[in-house]
Amino acid sequence: FRRVLFRSFLPSAPKVVHRMLEQGVVRKIISPDLVEISLKKKESCHKCRACNDDGAEAVSIEAGNAARARIGDCVEIEISTRGVVAASSIVYLLPIAFLLAGYLCGSIWSRFFYNGNSESPGIVCALAFLAASFMVVRSYDRGIRRKGSLRAQVLRVLIGSEGADV
């Protein structure tokens, strides 16, 4: 009852959509469900790095092809910004957290076995934990690639390769 009463006085928050919509041209069909799309490089491309840099004017990205786009089609794609931010956090912050945790564990271990006079166990454990974090990040990367959950998706074909609006 309290929860319902409390919620009735709060204004409903608008739903935040964490996605970026872009338009590009299909350059290559990798498989029936996967295409490579060429996009015009924007200012935000320098910060994001979700796409492959193709030169001064263009970037390319692999995208799921649910709309059955063909080579030369102008398409609209969706890139999940939430997924990119989450993956970036794991890749950059997890090793730092493991490094600090490893040093802390090594320091505690040195107090018991070396009477607190040595930094070596802290450094060795920090490096071991750092190596372990790279293995965790690598397995996370493999899982994400296998699922394809961070992959951009073709939402619709805007202009077909024949030039007619679809």
Side-chain angles (χ1 to χ4, degrees), residues 3-4 6-102 126-166:
R3 192 177 302 163
V4 173
F6 184 69
R7 284 187 185 166
S8 65
F9 289 112
L10 293 175
S12 60
K15 186 174 183 177
V16 178
V17 178
H18 298 282
R19 65 183 188 163
M20 182 171 54
L21 298 176
E22 294 291 335
Q23 293 179 5
V25 178
V26 177
R27 292 290 173 214
K28 182 171 142 185
I29 296 179
I30 299 167
S31 72
D33 296 328
L34 191 64
V35 293
E36 182 177 304
I37 298 173
S38 179
L39 307 167
K40 220 176 197 183
K41 189 184 287 187
K42 296 182 178 180
E43 185 65 33
S44 60
C45 291
H46 298 292
K47 299 173 190 167
C48 174
R49 306 261 186 217
C51 301
N52 300 321
D53 196 355
D54 285 350
E57 297 289 323
V59 292
S60 65
I61 189 168
E62 291 182 359
N65 191 14
R68 299 293 174 225
R70 297 182 303 242
I71 293 176
D73 288 353
C74 182
V75 295
E76 181 177 52
I77 64 168
E78 173 187 33
I79 303 169
S80 170
T81 57
R82 177 182 285 170
V84 172
V85 170
S88 297
S89 298
I90 289 172
V91 167
Y92 293 114
L93 297 179
L94 191 71
I96 293 170
F98 270 57
L99 185 73
L100 294 174
L127 293 175
F129 274 55
L130 182 64
S133 75
F134 292 146
M135 289 186 272
V136 170
V137 167
R138 188 170 181 191
S139 69
Y140 173 76
D141 179 55
R142 285 182 181 162
I144 290 296
R145 286 182 192 268
R146 188 174 39 252
K147 287 187 218 173
S149 59
L150 291 182
R151 183 170 289 140
Q153 296 295 323
V154 175
L155 295 179
R156 62 189 174 124
V157 177
L158 300 173
I159 299 174
S161 57
E162 295 84 29
D165 287 340
V166 177

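- Distance check, rounded to the nearest 0.5 Å: CD1 of I77 to CD of Q23 gives 10.0 Å.
- A salt bridge links R156 to E76: one of the charged nitrogens lies within less than 4.0 Å of a carboxylate oxygen.
- In this structure, the side chains of S133 and L130 come closer than 4.5 Å at one or more pairs of heavy atoms.
- When side chains are defined from C-beta on, V35 counts as touching I29, because their heavy atoms get closer than 4.5 Å.
- Of the inter-residue distances, the one linking R142 atom CZ with R146 atom CZ reads 9.0 Å to the nearest 0.5 angstrom.
- I61 and A152 make their closest contact through CD1-CB, 3.9 Å (heavy atoms, listed as atom of the first residue, atom of the second, distance).
- When all heavy atoms of L39 and E22 are compared, the pair lying nearest together is CD2-CB, 4.2 Å.
- Summarising the geometry of A67 relative to V154, their closest heavy-atom pair is CB-CG1, 3.7 Å, with the distance given to 0.1 Å.
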- Message: The test is side chain to side chain contact (heavy atoms under 4.5 Å, CB included); show your working for R70 and V26 and say whether it passes.
- Response: CA-CA 7 Å; R70 297 182 303 242; V26 177; over 6 Å; no

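- Separating the CG atom in L21 from the CD1 atom in I79 is a distance of 9.0 Å, to the nearest 0.5 Å.
- The nearest pair of heavy atoms linking L94 to I90 is CB-O, 3.0 Å.
- Under the side-chain contact (heavy atoms from CB on, under 4.5 Å) criterion, D33 pairs with S31, R68, sequence neighbours left out.
- Counting heavy atoms from C-beta outward, R151 and L34 have side chains that approach closer than 4.5 Å.
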